[in-house]
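As structure tokens, the structure follows; a few thoughts come after it.
What you see is a predicted model, and the numbers here were worked out from it, not measured in a lab.
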Amino acid sequence: MNEIRTSNDLNSTVYKDGLYIRTTVFVDEQNVPPELEIDEFEDMCTYNTLYVNGAAAATARYFPTDDNGIHVQRVAVLKKYRKKGLASELLKHIMKQAQENSYDYIILGAQDQANGFYKKLGFEVIGDQYLDAGILHHDMRIEL
């Protein structure tokens, strides 16, 4: 059974489990420099971690923008849980949270290899391609 837990507390299990997933996926698998993984937004974010039968499997964070949107970041799924719809489940949960809190849109910086995934959820590519942590990205947005 899947459960999504949410927290703003950097001392919470939700945050610590999410950071473990982020480190495993981004630092260990994708070679993102560790010093880029934890940033100046860390204490401003809402963290969501999805658990499968009690085990942390997927994570994402977001923070509010200045114009009534939210910026989603650090969407990651541990390798053994991929291709099971967990990232989609997690993002739909975040979309619901955003709607319930009357946000107007969601924006995120998607790795280009994940653009198709986000398009299936209704996101549209905006802006030019850019390099982030050595990986090609495009910003994507969905209106709520």
Subject >> Value rounded to 0.5 Å, distance of CG in D104 from CD1 in I142 >> reply: 13.0 Å

**OP:** Answer with yes or no whether the hydrophobic clustering places L10 together with M44; edges join I, L, V, M, F, W, Y residues whose side-chain heavy atoms lie under 4.5 Å apart.
**Re:** no

Subject >> Q111 side chain near F26 side chain, heavy-atom distance below 4.5 Å >> reply: yes

Original post:
Any chain of hydrophobic side-chain contacts (each under 4.5 Å) joining V72 to F41?
Top reply: no

Original post:
Are I94 and I70 close enough, and set up right, to give a side chain to side chain contact (heavy atoms under 4.5 Å, CB included), and what steps lead you there?
Top reply: CA-CA 10 Å; I94 290 170; I70 63 168; 3.8 Å; yes

Original post:
Can you check whether T49 reaches I21 side chain to side chain, under 4.5 Å on heavy atoms?
Top reply: yes

**OP:** Kindly say whether G69 contributes a backbone atom to a donor-acceptor pair with the side chain of H71 at under 3.5 angstrom?
**Re:** no

Subject >> Test item: I4 and Y51 side chains (from C-beta on) under 4.5 Å apart, heavy atoms >> reply: no

Subject >> Parallel, tilted or perpendicular: ring planes of Y15 versus Y47, cut at 30 and 60 degrees >> reply: perpendicular

**OP:** Starting from the C-alpha separation in whole Å, work towards a yes-or-no answer on side chain to side chain contact (heavy atoms under 4.5 Å, CB included) for L121 and K92.
**Re:** CA-CA 8 Å; L121 291 171; K92 287 176 183 175; 3.7 Å; yes

Original post:
Should we say atom CG of D128 is surrounded by more than 12 heavy atoms from elsewhere, each under 6.0 Å from it?
Top reply: no

Subject >> Closest contact, heavy atoms only, A133 versus L36 >> reply: CB-CD1, 4.0 Å

**OP:** Verify, without hydrogens or angle tests, whether N48 (side chain) and T59 (backbone) share a donor-acceptor contact under 3.5 angstrom.
**Re:** no

Original post:
If you measure from CE on M140 to CG on D112, what distance do you get to the nearest 0.5 Å?
Top reply: 9.0 Å

Original post:
Is E42 salt-bridged to R22, cutoff N-O under 4.0 Å?
Top reply: yes

Original post:
Does V125 reach the side chain of N115, with side-chain heavy atoms less than 4.5 Å apart?
Top reply: yes

Original post:
If you measure only the distance, is there a donor-acceptor pair under 3.5 Å linking the side chains of Y130 and D139?
Top reply: yes

Original post:
Heavy-atom distance under 4.5 Å between the side chains of L50 and Y81, does that happen here?
Top reply: no

Original post:
Can you find a pair of side-chain heavy atoms, one from T6 and one from Q97, that are under 4.5 Å apart?
Top reply: yes

Subject >> Straight-line distance of I107 CD1 to D67 CG, nearest 0.5 Å >> reply: 8.5 Å

Original post:
Which distance, rounded to the nearest 0.5 Å, do you find between the CD1 of I135 and the CD of Q113?
Top reply: 8.0 Å

Original post:
Roughly how far, to the nearest 0.5 Å, is the CD atom of Q73 from the SG atom of C45?
Top reply: 6.0 Å

**OP:** Report whether M95 and Y105 are members of the same hydrophobic cluster (ILVMFWY, side-chain heavy atoms less than 4.5 Å apart, transitive linking).
**Re:** no

Original post:
Who pairs with E124 by side-chain hydrogen bond (donor to acceptor under 3.5 Å, both in side chains), at least two apart in sequence or on another chain?
Top reply: none

Original post:
With no hydrogens and no angle check, is any side-chain donor or acceptor of R74 less than 3.5 Å from a backbone partner on E37?
Top reply: yes

Subject >> Smallest separation among heavy atoms of V75 and A60, with atom names >> reply: CG2-CB, 3.8 Å

**OP:** For side chain to side chain contact (heavy atoms under 4.5 Å, CB included), just list the numbers for L19 and T23, CA-CA rounded to whole Å, side-chain angles, deciding distance to a tenth of an Å, and then say yes or no.
**Re:** CA-CA 6 Å; L19 186 58; T23 301; 4.1 Å; yes

**OP:** Verify the cluster assignment for L78 and L86: are they in a single hydrophobic cluster under the rule of side-chain heavy atoms below 4.5 Å apart?
**Re:** yes

Original post:
Would a 4.5 Å heavy-atom cut-off, applied to side chains only, mark Q30 and V25 as touching?
Top reply: yes

Subject >> Cationic tip of R141 above F123 ring, under 6.0 Å, 45° of axis >> reply: no

**OP:** Please check if the side chain of H138 supplies one atom and the backbone of Q129 the other of a donor-acceptor pair under 3.5 Å.
**Re:** yes

Original post:
Of the options H93, E89, K84, which is the one that meets N2 in a side-chain hydrogen bond (donor to acceptor under 3.5 Å, both in side chains)?
Top reply: E89

Original post:
What's the shortest heavy-atom distance between S88 and F117, and which atoms?
Top reply: N-CZ, 3.6 Å

**OP:** Spell out, as yes or no, whether a donor-acceptor pair under 3.5 Å connects the side chain of N101 to the backbone of Y103.
**Re:** no

**OP:** Supply the atom-to-atom distance D43 CG to N8 CG, rounded to the nearest 0.5 angstrom.
**Re:** 10.5 Å

Original post:
Is there a side chain to side chain contact (heavy atoms under 4.5 Å, CB included) between R61 and T46 once you walk through the steps?
Top reply: CA-CA 6 Å; R61 74 178 195 182; T46 298; over 6 Å; no

Subject >> D9: partners by side-chain hydrogen bond (donor to acceptor under 3.5 Å, both in side chains), with sequence neighbours left out >> reply: none

Subject >> Atom OH of Y20 with >12 non-hydrogen neighbours under 6.0 angstrom >> reply: no

Subject >> Considering all heavy atoms, the nearest N68-S102 contact >> reply: ND2-O, 2.9 Å

